[in-house]
Every structure is written in C-alpha cells, then in structure tokens.
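Start at 1 and go down the list; that is how both ligands and their atoms are numbered. Nothing fancy with the numbering, it's 1 onward along the sequence.
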Amino acid sequence: MAPSPVAAPPHVHALLKDLHARSLEEESHLPSPMPLRCTPEFDDIMKDKFIALDQDKCEFVYQMLRAIGAKTVVEAGTSFGVSTIYLALAVTQNTAGSSPGKVIATENEPDKANKAIEHWSQAGDSVKSVIDLRLGDLRETLKKDLGIVDFLLLDIWIPLALPALKLVQPSMRPGAVIVVDNTTDNSLSYADLFAYTDAPGSGFRRLAMPYSGGLEFMVYHPDN
Ligand SMILES: C[S@@+](CC[C@H](N)C(=O)[O-])C[C@H]1O[C@@H](n2cnc3c(N)ncnc32)[C@H](O)[C@@H]1O
C-alpha cells in the first residue's frame, strides 16, 4: 500500500487513525432507517455523533489543497474536527514562510465544537492556530469575514449545502474548488444544489468521483 500523502508528525497520524476508527464504529450503530435530515429526531440522534469524512476522502482533499496551494478554506460541517485537521495541515504547509492562512470551521452543537477543539489541541499548535471556529448556525456564521476563499468543503446535512454554497460563493476566487460528500448515493436529495450549479452561466462545473457514496468535485469559474 502506498504511504499516506499527508505530511504530519507521527502523533497526528496516530490521532487521525484513532478518530477515524471511532467514527466508523459509531456509524455502524446508527439506527436504520434514519429520520429525515434537519428534523428534530435526526438532530437528536446526531447531536453527539462523529460522522467524520472517510479517511480516503480526507486524504484526497488534503492532497488537492496542497496542489492548488489553498490558503483560505471554509468547512461547512465540522463535528469533532477530523476533516478540519487535514485542512489545517494543508493550509499550514501551503503558507509556510508567508502570511498565515485560515480554515473557517463551522459547528452548531457546542459539545461537538468543544470535542473538536480538544482534538485540534492534541494535534498541536500548527493545526489549532490556523482554525477559526465559528460556533452557531452556519447560515449566520458564514455571512461575513471569509476572505478570498480557495476551497469549500460541504460535509453538512444535505438541505444546508446550497445555502452554504450561496453564502461562500461571493468570496470564492476564480478556480476555487468545492468538494461535496455522498452525492451519488443522495443525488435526489441534492437536486436543489445541482439545479443551481448546473444552470447555464452558474460558473460551476462538476464531476462525480467514485469514492464511497460519491464525492463531487466542483470548480468555480464565474467568467467561463
Ligand atoms: C457530517 S458532519 C461533519 C463531519 C466533519 N466534516 C468531519 O469530517 O469530521 C456535519 C456536521 O454539521 C453540523 N451542522 C448541522 N447543521 C448545522 C448548522 N446549521 N450550522 C453549523 N453546523 C451544522 C452537525 O452538527 C454535524 O456535526
């Protein structure tokens, strides 16, 4: 097996391995079928659950952020902060020797946000120091101070994906990349997002990648 593409100290690799394992273990115990997303029943089940982005998807995102030199990144949906660690590692490495970058993380469950802060502290200052955690509903917290955004991760309850994209869009640089999780398995639920991005002249181009459940890779070119 190829070595991990993620440049990180051994204790961070060990932490990520442990967090991914705990997330998978929890996911295996979720009730089936699940209540509809964004209902009180759904929120109640999910309020203390990891639901981290799969490790192979996190590694892809990290590798892609290094390739595009992303310095300002927005994460819609942070939970216990697992994917955020990959984003922060890439941004820290992309900005070495220049002005610092930032990863804007969003979470509306205070207990989850506290767990995320714990995990970032365990990862170390080079991870923690670039993260701007915005606690609360992302439909409010992403309204301002985004900077010029290179990358947006949409790992959020599906009905919030389009509102998040619309909030970040005015701050996206030409060529900004957007990654959306579980798009193939949930293509019907993502109908509003895809109607928006596929509309003529939207500026978005998308491609579904064959990760588990599908991972949408979008690029924003507002002028062509
Ligand atoms: C799929 S999880 C994110 C997992 C995370 N990206 C990771 O890989 O570790 C989605 C998160 O979005 C949070 N969330 C749901 N609605 C939200 C809202 N309106 N504003 C901010 N966060 C929200 C949920 O509490 C949940 O923790």
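Contact annotation for K112 and ligand 1: only side-chain heavy atoms (C-beta onward) come within less than 4.0 Å of the ligand. Looking at L153 against ligand 1, nothing comes within 4.0 Å, counting heavy atoms. Under 4.0 Å from ligand 1, the heavy atoms of E109 that appear belong solely to its side chain.
There is a path of hydrophobic side-chain contacts, each under 4.5 Å, that joins V82 to V73.
Given atom 18 (C) of ligand 1, the protein heavy atom at minimum distance is N108 ND2, 3.5 Å. Atom 8 (O) of ligand 1 has as its closest protein heavy atom L53 N, 2.7 Å. With hydrogens left out, the protein atom closest to atom 19 (N) of ligand 1 is D137 OD1, 3.1 Å, a heavy atom. Remark: minimum distance from atom 12 (O) of ligand 1 to any protein heavy atom is reached at I156 CD1, 3.3 Å. Closest to atom 20 (N) of ligand 1, if we only count protein heavy atoms, is L138 N, 2.9 Å. S83 OG, 3.1 Å is the protein heavy atom nearest to atom 7 (C) of ligand 1. The protein atom (non-hydrogen) at minimum distance from atom 9 (O) of ligand 1 is V82 N, 3.2 Å. Of the protein's heavy atoms, E107 OE1, 3.6 Å lies nearest to atom 11 (C) of ligand 1.
Judged by distance alone, the side chains of Q169 and Y196 do bring a donor and an acceptor atom under 3.5 Å apart. Checking E216 against Y211 by side-chain atom types alone, no donor-acceptor pair falls below 3.5 Å. Using modelled atom types and a 3.5 Å distance limit, the side chains of T78 and E75 yield a donor-acceptor pair.
The distance from ligand 1 to the heavy atoms of D155 drops below 4.0 Å at these ligand atoms: 1 (C), 2 (S), 3 (C), 4 (C), 5 (C), 6 (N), 7 (C), 8 (O), 10 (C). Atom numbering of ligand 1 starts at 1 in the shown order; those under 4.0 Å from a heavy atom of G136 are 20 (N), 21 (C). Atoms of ligand 1 lying under 4.0 Å from at least one heavy atom of L160, given by number and element, are 16 (N), 17 (C), 18 (C), 19 (N).
Distances shorter than 4.0 angstrom do not occur between any heavy atom of S23 and any atom of ligand 1. Using a 4.0 Å cutoff on heavy atoms, W157 counts as a contact of ligand 1. Residue E75 places a heavy atom under 4.0 Å from ligand 1.
At under 3.5 Å, not a single nitrogen or oxygen of K49, backbone or side chain, sits near a nitrogen or oxygen of ligand 1.
Residue V168 is tested with V149, L154, I178, L138 for a side chain to side chain contact (heavy atoms under 4.5 Å, CB included); the sole match is V149.
Taken from OG in S4 to CG in D56, the straight-line distance is 11.5 Å, to the nearest 0.5 Å. To the nearest 0.5 Å, atoms CE (M64) and CD (E59) are separated by 13.5 Å.
Salt bridge present: D198 and R206 bring a charged side-chain N and a carboxylate O closer than 4.0 Å. Under a 4.0 Å N-O distance rule, the pair K57/D181 qualifies as a salt bridge. Between R22 and E25, no side-chain nitrogen of the basic residue sits less than 4.0 Å from a carboxylate oxygen of the acidic one, so the salt-bridge criterion is not met.
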task: List the steps, then state whether side-chain hydrogen bond (donor to acceptor under 3.5 Å, both in side chains) holds for Y62 with Q93.
output: CA-CA 11 Å; Y62 166 89; Q93 290 156 15; 2.5 Å; yes
